[in-house]
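A short write-up of the structure that comes next.
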Amino acid sequence: PAALPMAHEPMLLLAVTEFVANSAAFTYFTAGALRRNISSNMLPRRFPLQLRTKNMGLFSPQLQERYPDQPMELHLSARRQPLLSCHPDALHGALFSSAEAFVVLPNATRVPAFLLNIDANVTGKPTITGNRLGGTVSLKGELSPFPTSGLLPLSPVSRAGTPSRPWLLAMPTALS
């Protein structure tokens, strides 16, 4: 148990333990709620990676050859329960997911293209400056193709890491 700070002025204190967060993750995972389908028309045009066969050549070079410039759909799901751990300087999360890609043909038929297992470690380090909540988020993970018959061959992709991305949220001034 952590000692609560002395309040000399009105403040909002929110505490969530690892047990609560991991119990919620277990419940959502067990209920099958950690699934999401993303179609090409759901992404903004300015998003850096569009769900079209011409943009997925990194994963499967034959995709553009077989299905030139066709829209795609991703089916994302958790393979295992996500895990959260709290540390004094950061929050750490481990995500274990799969992404199954489909080509959407003009007649709305979905053709399986490839399946990736995606394991990621996410670290968030919050900072508070004045009345602003900010911080950094870093992501490190692995993409591994899942061998399945009938799908297009995938290019080898080993480790994928992205640098820390700053994020900034404005805290309501009514709380300060």
Shortest non-hydrogen pair, V104 vs E73, comes out as CG2-CB, 4.1 Å
- Tell me whether I38 is reachable from V103 by hopping between hydrophobic residues (I, L, V, M, F, W, Y) whose side-chain heavy atoms are closer than 4.5 Å. yes
(message) Counting only heavy atoms not in F96 (residues, nucleotides, ligands), do more than 12 fall under 6.0 Å from its CZ?
(response) yes
inquiry  = Can you confirm whether H75 sits close enough to F102 that some side-chain heavy atom of one is under 4.5 Å from a side-chain heavy atom of the other?
reply    = yes
When S97, P82, S77 are each screened for side-chain contact (heavy atoms from CB on, under 4.5 Å) with L34, the one that passes is P82
| query | Is L91 reachable from L133 through a run of hydrophobic residues whose side-chain heavy atoms are each under 4.5 Å from the next? | reply | no
ask   = Going hydrophobic residue to hydrophobic residue with side-chain gaps under 4.5 angstrom, can you get from L43 over to L116?
value = yes
query: Are F19 and L84 co-members of a hydrophobic cluster defined by side-chain heavy atoms under 4.5 Å apart?
result: no
Checking side-chain polar atoms at under 3.5 Å, does Q64 have a donor or acceptor matched by the opposite partner on T53?
yes
(request) Could you please spell out the steps behind the side chain to side chain contact (heavy atoms under 4.5 Å, CB included) verdict for L95 and R80? (result) CA-CA 8 Å; L95 308 171; R80 293 185 7 206; over 6 Å; no
Between Q50 and M56, the two heavy atoms sitting closest are O-CE, 4.0 Å
Hydrogens and angles aside, do S85 and H92 bring a side-chain donor and acceptor to less than 3.5 Å of each other? no
Between C86 and E18 the two heavy atoms that sit nearest each other are N-OE2, 2.8 Å
**Asked** Can you list the steps and then say if L74 with L51 is a side chain to side chain contact (heavy atoms under 4.5 Å, CB included)?
**Response** CA-CA 8 Å; L74 281 180; L51 290 178; 3.8 Å; yes
- Heavy atoms, side chains only, cut-off 4.5 Å: are L63 and M72 in contact? yes
For F29 and R79, the nearest pair of non-hydrogen atoms, with its separation, is CZ-O, 3.4 Å
Taking every heavy atom of A90 against every heavy atom of K125, the minimum-distance pair comes out as CB-CG, 3.5 Å
